[in-house]
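The structure appears below as structure tokens.
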Amino acid sequence: MRLADSGKTLGKKLSSALGDSLLAAIVAFALFSLVLGLRTVDSATGLTLEPRPALLATVVAIVFVGRLALNLFVWQTDYPLTRPFAKLFTSEPFETRDAVTLALAFVLGALGVAAGFLFTETLYGLIGALVLAFIGIGLLRRATVRTFPNLPYTQVFVAGGILFALFFPIVSYALESTFNLGLPLRYWFDLSILILTYVMLGWGLNIVVGLAGLLDLGYVAFYAVGAYTFALLATHFGLGFWICLPIAGAAAALWGIVLGFPVLRLRGDYLAIVTLAFGEIVRIILLNWTEVTGGPNGIAGIPKPTFFGLPFSPFAEGTTFSGFFGIHYDGLHALIFLYYVILVLALMTNLVTLRLRRLPVGRAWEAMREDEIACRSLGINTTVTKLSAFATGAMFGGLAGCFFATRQGFVSPESFTFIESAIILAIVVLGGMGSQLGVAIAAIVMVGGFEALRHTAGLQAIFGEEFDPALYRMLLFGLAMVAIMIWRPRGIVSSRAPTISLGDASAISGDLVRQGR
Amino acid sequence: MGGANTKSWDRDPILTVEHLSMHFGGITAVDDVSFAVGRKDITALIGPNGAGKTTVFNCITGFYKPTEGMLTLDAKDGPPHFLERLTDYEINADARVARTFQNIRLFPGMTVLENLMVAQHNGLSRASGFSFGAIFGLGRFGLAEKEAIDLARYWLGQVGLLPRADEAAGSLPYGDQRRLEIARAMCTRPRLLCLDEPAAGLNAKESDALNALLQAIRDKEDTAVFLIEHDMSVVMRISDHVIVLDYGKKIADGTPGEVRIDPHVIAAYLGVSDEDGAALEARP
């Protein structure tokens, strides 16, 4: 019936949709014929090939039917079935048919949930619950926006996030110690410390890549410099965390300048390659300079930070944290303290970056990203500007590295491989280059989401006992990246906020903003 | 330099170009060109395509290092600047020569106002303790920023872009972008403003507005204007002094009236028959 009210005749549409789906099925067949259609089996006579025609046929059929459905109901009709769902997240009024579609989807979702409960079909239940949640969130959002149209939603969201980050450990620890709920607090705190470390690294790299537009693939080198600076100073000279923190930051900034000098004239791909090489050089030096860095054995015995001179140790002699405050010793205290240290470091990174953006050097960074030649024609020394971006970004990397060393108590070159640089860069790109909020969200999604895939129990309940999520982590990671780059090619937050305005400042569309080259 | 100092640009030059040559490998783009740019004049550099106008410009503004020649900027209030010895950003920062580009080079993702603030980077940077002081609230950055906004507001008013101050520069129409680029150059408080084809792509009305703007800059500001232009109507109407290049050589230099009737110029622009060409060759 939907097909009838469009311009083209039904037959024409059907034939073009069929052709398109057939093509997709052929492509799927070509792709999957070797990947899924054949399987090598280790048998007595050696490796043999076992054909799996049924599986191949099923996958190709799914592609064909799915493509046909998309063609008929989404791409080639005047009223795509996806429109009411997209409308949920706008303020456009609903038409009758929108409401009908949504109601149908709601009923189907509810049926799925019911099936999940009644027949323990977890997969149906999960899909149903997702559909219901999607519709529910959309309706809630519409209702909120209609009731309070002028609330600064972004600010509310940010304030909520910061408040949550500030109070989450204290509140959860208090709940746990009062009611003995058996919460996995140690795991939660460890994970949130990890996430915050990546938030800080993302914000640090955001200065170099997002603001100054210099593509840096070797950021982990500064992280390593910070970590090893603290590790060496602590083990050789017995210096504590708080003294070493600024030293580690300064050392990393210095190395930022050292890297900056040779790459001053490079842009884009060339810059990326040299910074990549720099990251590898630092790692390989750490690996091979055994006398100083301990080589692959790394450096152990790095001290934990103290609370104004009070260590977190179980020996209650009046000079420890628990002894001084007269509370019962708990290993979680040290962890909560570490959480607040990295939270403060990360928030400091953010505040400094936000402030720098409004100062001449920050504007010069952004101007350099937009057009370096124009910058020079305005009398801006781009050499100094570039070096300051490298040094500032590297400094925050070094501070994060110093924290990493004290948290682990052990550093080795294995922690500073290229994949770390890649993950940090992915966080910046995914978040939307230059956006502080986007980078924070991306870090949570990337690190937290990656971690969520470790929880085999929940996923095995859905996909069966043999399902091992660890095998699919990289696949899902890649799929998520592709999906985000299709729907949000400029990252989660793609607009740029002006740093100064005469009247009311509105965000600038990401399409106008240049990206790192 | 001529004998009787009757021309304004010879009496009080802001920029003196002497024996400027620029070679790219075996190609001579500019060949022994000398001229003066007057302090209170609008000077136009014209010539057919490929005559070497933009090369001269790039030498003056430091984007090329001249093969030979001397470029002296006479700052009234201090020692002269020898532009051939300065790098590109120093030419704006120290000698205070500002330029615009043939293909507009704004910061498209920044607002109009931000573009003008970036132009005042050096002064603001010093006032903010090179930015790192101002993180901790040191320095007199607040005051300096207010002054910078006032200057930006003044130039936005001059080019008629005040209502669009908070829009992204890249979203402005072409003519506005051209005027914004001039305003941005003026925000560096230049002694000499070099404009590379400012009227290119403008319609007649926008072109008239541009003429008025350039005349206002000459009359009200302490800034000399030096421009490359193809559009003869602009050149002849507003210039006080016209220099004509052809094949990298200077072929004429004088007031618009003098240049208009110069047979070399007519030959260069309109072409000549063989016998006229021979006659021209014979002339001194």
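In the text below, chain A, chain B and the rest are named by the order of the sequence lines, each starting its count at 1.
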Legend entry - Heavy-atom contacts under 4.5 Å, residues 100-107 of chain B to chain A: B:Phe101, B:Arg105, B:Leu106, B:Phe107

Legend entry - Inter-chain contacts: residues 184-195 of chain B against chain A, heavy atoms under 4.5 Å: B:Arg184, B:Thr188

Atom [atom1] of [X] and atom [atom2] of [Y]: how far apart are they, to the nearest 0.5 Å?
X	Y	atom1	atom2	answer
A:Leu378	B:Gln120	CG	CD	10.5 Å
A:Arg496	B:Thr111	CZ	OG1	7.0 Å
A:Leu502	B:Ile149	CG	CD1	7.0 Å

Is it true that, when you exclude [X] itself, more than 12 heavy atoms of the residues, nucleotides or ligands shown sit nearer than 6.0 Å to its [atom1]?
X	atom1	result
A:Phe157	CZ	no
B:Arg96	CZ	yes
B:Phe24	CZ	yes
A:Phe261	CZ	no

Inset, instruction - Examine whether an atom of A:Ile373 lies under 4.5 Å from a heavy atom of chain B, and if so say whether it belongs to the side chain, the backbone or both; otherwise answer neither. - result: both

Legend entry - Under 4.5 Å from any heavy atom of chain B - which part of A:Arg363: both

Inset, instruction - Just give me the residue among B:Glu114, B:Arg99, B:Glu90 that pairs up with chain A most often, heavy atom to heavy atom, under 4.5 Å. - result: B:Glu114

Inset, instruction - Could you check which of B:Ala168, B:Gly170, B:Pro108 has the highest count of heavy-atom pairs closer than 4.5 Å to chain A? - result: B:Pro108

Legend entry - Close side-chain approach of A:Glu370 to B:Val118, heavy-atom, < 4.5 Å: no

With a 4.5 angstrom heavy-atom cut-off, which part of [X] approaches chain A: side chain, backbone, both or neither?
X	result
B:Ser171	both
B:Glu145	side chain
B:Asp88	both
B:Met110	both

Inset, instruction - Flag the one option from A:Ala364, A:Cys375, A:Ala374, A:Ala367 with the top tally of heavy-atom pairs under 4.5 Å to chain B. - result: A:Ala367

